[in-house]
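We use all heavy atoms of the structure for the numbers below, so side chains are in, but hydrogens, waters and symmetry mates are not.
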2 protein chains.
Amino acid sequence: MPASAPENSKRPRRARGSINPADIIAGAFDYCRTTPVDDMTMPQLAASLDVGVTSIYWYFKSKRELLDAMTEEALSSFYESMPPLRRQGWEDMLREFFVNFYSLLAADPLKCDLIVRRIGGHDDGEMRTWERAEELLAALTDAGFPPSLAQHAFFTLSIYTQGFLLVERTGRVATAISVPSADIPGNPPPEDFAFGISNIIAGLRFMLPQGQERTDAA
Amino acid sequence: MPASAPENSKRPRRARGSINPADIIAGAFDYCRTTPVDDMTMPQLAASLDVGVTSIYWYFKSKRELLDAMTEEALSSFYESMPPLRRQGWEDMLREFFVNFYSLLAADPLKCDLIVRRIGGHDDGEMRTWERAEELLAALTDAGFPPSLAQHAFFTLSIYTQGFLLVERTGRVATAISVPSADIPGNPPPEDFAFGISNIIAGLRFMLPQGQERTDAA
DNA sequence: ACCTGAACACCGTTCAAGT
DNA sequence: ACCTGAACACCGTTCAAGT
């Protein structure tokens, strides 16, 4: 075989300005549709972007920093995809909110990994604001919740939801009850999730200052 | 410098039988008192054990398999270190159980990482039995819980506890409420954990078939 | 049977260019 | 200013011995 033509697979050099952080992040999300984030590799990501590995490092100091940016992106997307609140009794409102919370992340392993499972946030003091959460808290105080109880309620339900997602994802239930649940084949289905939510809501009903119940705002 | 003496730092070859899986696991736990499990490295572990790297592979086919064994060990140790149940009302019994659950793992980041945060169990169908959990469930049915409600209760509280541990460990609260909690400086303290537990227990009280309350078995 | 160094393919990151 | 290959230290794992 004569070496006359440069048939070698040397990728042509890209023009300057042909990549930017947004492209890289988008490419990373795309790449992770195939490979779990835990297995994401800088060289492989670069290849899938058709860029030199080192180019990524021009925009992100480290893999860690890229993952932080991806987490940020996942959070924004998650916040935005939360359906708007519907006016109804506070119990149903809470239930709907956290079922949406759960469903959105259960359906998207990547977002779940980034948001729920990944360790070490940014800590840049810049707190994300979650509009939907603010609305929900406002609705709770409207329904008679003292603000601190509303916050605690939100926190408890959020922790539970994240715990459920984690346990589903890790496939381990550090509970291992030997009672055979013959009726339920797979691991905890959404039905079990709903039970916990109902349980917590029932407790909140109990903790609400009496006679404050308001089922509708019509 | 004459090369007369073999002053080189060639570790002498170890006798056969001088290592075994238990030693390796123990060494790994020891090594992880210094380095987070996520950063554990086979060469580094081998060095800390004063063994050739390859020797570890004689007993464990892969790093993954070693981590599985460590998880198994962590679970056993965790189960055994759970204090015995004390006879009291079911509410206090539940509270005490899960506060112990939380405290044990919150105090031991390694166990927490292995048991709560690590992905992918063994799936060898061999379910661990957790004696303490069985006792607790029995106590609940004694107190008037239908068995399925007792299981659900246990599951919900366990999920919540693991979620709390996870959120504490990842340092992210995917809840980001902007209301400044001026009174609480650090991240969610045990006080917040206790609130959620009380919340769930209150809900269970509500769900219990009425008139079944039994505060003591004296 | 059990322990081992050398070697392999690969990773994250840096460096010293190229344009 | 932005893109790049080569190089570095290191990782998980395998191989072909040593004893």
*So do the side chains of B/Leu165 and B/Ile115 get within less than 4.5 Å of each other, counting heavy atoms only?*
no

Practice item. Flag yes if more than 12 heavy atoms outside A/Glu65 fall under 6.0 Å of its CD atom; otherwise flag no. Key: yes

Rounded to whole Å, the CE-P distance (B/Met42 to C/dC11) equals 19 Å

- Taking B/Thr35 for its side chain and B/Cys32 for its backbone only, find out whether a donor-acceptor pair lies under 3.5 Å. no

Does a side chain donor of either A/Ser48 or A/Gln44 reach within less than 3.5 Å of an acceptor in the other side chain? no

B/Asp39 CG to C/dG12 P, in whole Å, measures 14 Å

Atom CZ of B/Arg64 and atom C1' of D/dC11 are separated, to the nearest Å, by 18 Å

### Task
Tell me whether the centres of the aromatic rings in A/Phe193 and A/Phe98 are closer together than 6.0 Å.
no

Q: Kindly indicate whether the side chain of B/Arg132, heavy atoms from C-beta on, has any atom under 4.5 Å from the side chain of B/Leu136.
A: no

When rounded to whole Å, the NZ to P distance for the pair B/Lys63 and C/dC11 reads 15 Å

Here DNA chain D, pairs taken as Watson-Crick or G-U under 3.5 Å and shown with ( ), [ ] when crossing and | when to another strand, reads ||.|||||...|||||.||

Rounded to whole Å, CG of A/Leu45 lies from P of C/dT13 at a distance of 13 Å

Per-nucleotide protein contact along nucleotides 3-10 of chain D, 5' to 3', at a 4.0 Å heavy-atom cut-off (B base, S sugar-phosphate only, - neither), is BBB-----

Q: Evaluate the criterion side chain to side chain contact (heavy atoms under 4.5 Å, CB included) for residue pair A/Arg118 and A/Met70; output intermediate values, then yes/no.
A: CA-CA 11 Å; A/Arg118 212 179 137 249; A/Met70 289 176 70; over 6 Å; no

- [ ] Using the side chain to side chain donor-acceptor pair (under 3.5 Å) rule, take B/Ser76 and B/Glu72 through it: C-alpha gap first, then chi angles, then the decisive distance, then the call.
- [x] CA-CA 6 Å; B/Ser76 295; B/Glu72 211 62 22; 5.9 Å; no

